[in-house]
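A short write-up of the structure that comes next.
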Amino acid sequence: MTNYWLIKSEPSAFSWQEQLRNKIEPWTGVRNHQAKKNLQSMKKNDLAFFYHSNEGKEIVGIVRIDKEAYPDPTDTEHRWFCVDVETICSVPVPITLKKIKSIPELEDIALIKQSRLSVMPITSEHWKILCDLGNVKL
DNA sequence: GCCAACGTTGGC
DNA sequence: GCCAACGTTGGC
């Protein structure tokens, strides 16, 4: 069964446009224990929203987990992990944080409740609501 | 083990 | 640019 996730990136550091070009990207640099735990819970073929933090503040794309957690090559002490994500599609109507905050059914989403967490699970119910909002047809 | 000081994230 | 929330560090 497929699990759902949301991963954040600041466009100035790594944008959706770069993800579109690269197709498959190692998701490195996560340095938070809860986010690390979430990375390690990801299974191949799980799906994730790609969210632009700081600039944009909207869900712009969907990726699929291509390779499960392995040691982050950017961490010389080998304490942190990363996954590989594969581009699936852009979200036709980007889902803004403002929009998400306006939907009562989404008030418990980690994106709002734990605003500093960069890798988080999304329930299948929330995933469906968000796909409808973004006019996503998978 | 506690907590003050400090650093970072990310929305506004 | 500000600041709330949260994580980390280091003295005690």
Side-chain angles (χ1 to χ4, degrees):
Chain A
M1 105 158 221
T2 306
N3 299 303
Y4 301 102
W5 309 92
L6 181 145
I7 58 178
K8 287 184 186 175
S9 185
E10 291 185 44
S12 61
F14 183 74
S15 71
W16 178 244
Q17 283 67 36
E18 291 170 85
Q19 176 69 40
L20 281 174
R21 275 200 302 275
N22 294 4
K23 304 282 199 303
I24 295 181
E25 183 70 16
W27 202 259
T28 58
V30 173
R31 298 290 185 268
N32 168 284
H33 291 291
Q34 197 179 347
K36 171 186 171 182
K37 187 168 149 286
N38 290 332
L39 282 178
Q40 291 179 307
S41 301
M42 289 177 168
K43 297 296 178 191
K44 186 175 168 67
N45 295 325
D46 281 355
L47 296 171
F49 287 123
F50 188 117
Y51 176 82
H52 273 163
S53 61
N54 276 316
E55 298 168 53
K57 281 166 279 183
E58 56 190 10
I59 293 171
V60 288
I62 291 177
V63 296
R64 181 165 55 203
I65 308 308
D66 178 66
K67 185 178 177 186
E68 294 179 12
Y70 62 98
D72 184 338
T74 69
D75 170 29
T76 52
E77 294 180 32
H78 309 107
R79 292 184 303 136
W80 301 100
F81 285 78
C82 64
V83 298
D84 286 354
V85 299
E86 178 189 9
T87 303
I88 297 299
C89 63
S90 293
V91 171
V93 183
I95 311 156
T96 64
L97 182 63
K98 192 178 171 202
K99 184 72 185 174
I100 293 168
K101 284 187 165 178
S102 75
I103 310 290
E105 287 78 9
L106 295 176
E107 67 180 6
D108 287 332
I109 203 167
L111 187 67
I112 298 169
K113 289 217 152 175
Q114 289 172 269
S115 63
R116 290 184 51 188
L117 187 60
S118 63
V119 179
M120 66 191 76
I122 298 286
T123 66
S124 55
E125 290 80 10
H126 288 168
W127 179 270
K128 183 172 186 316
I129 293 169
L130 289 163
C131 284
D132 288 346
L133 287 173
N135 200 24
V136 173
K137 309 267 194 293
L138 286 176

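Proteins get letters first, then strands, A, B, ... in listed order; numbering begins at 1 in each. Treat the numbers as computed from the prediction; the structure is a model and nothing was measured.
As rounded to whole Å, 10 Å separates atom C1' of dT8(B) from atom CD of E10(A). Taking atom NZ of K36(A) as the reference point, atom P of dT8(C) lies 11 Å away to the nearest angstrom. Between the CG atom of L117(A) and the P atom of dG10(B) there is a distance of 9 Å, given to the nearest Å. N32(A) has its CG atom 9 Å from the P atom of dG10(B), to the nearest Å. Per the geometry, NE2 belonging to H52(A) stands 13 Å off P belonging to dG10(B), to the nearest Å.
Phosphate contact (OP1/OP2 of dC12(B), side-chain N/O of K101(A), threshold under 4.0 Å): present. Contact annotation: Y51(A) side-chain N/O to dT9(B) OP1/OP2 distance is not under 4.0 Å. The shortest distance between the side-chain N/O atoms of K8(A) and the OP1/OP2 oxygens of dG10(B) is below 4.0 Å.
Taking the six-membered ring where tryptophan is involved, the planes of F14(A) and F50(A) are tilted, since the angle between them lies from 30° to 60°.
What you find for N135(A) and P92(A) is that their closest heavy atoms are O-CG, 3.2 Å.
No donor-acceptor contact under 3.5 angstrom links the side chains of K43(A) and N45(A), judged on distance only. N38(A) and W5(A) share no side-chain donor-acceptor pair at under 3.5 Å.
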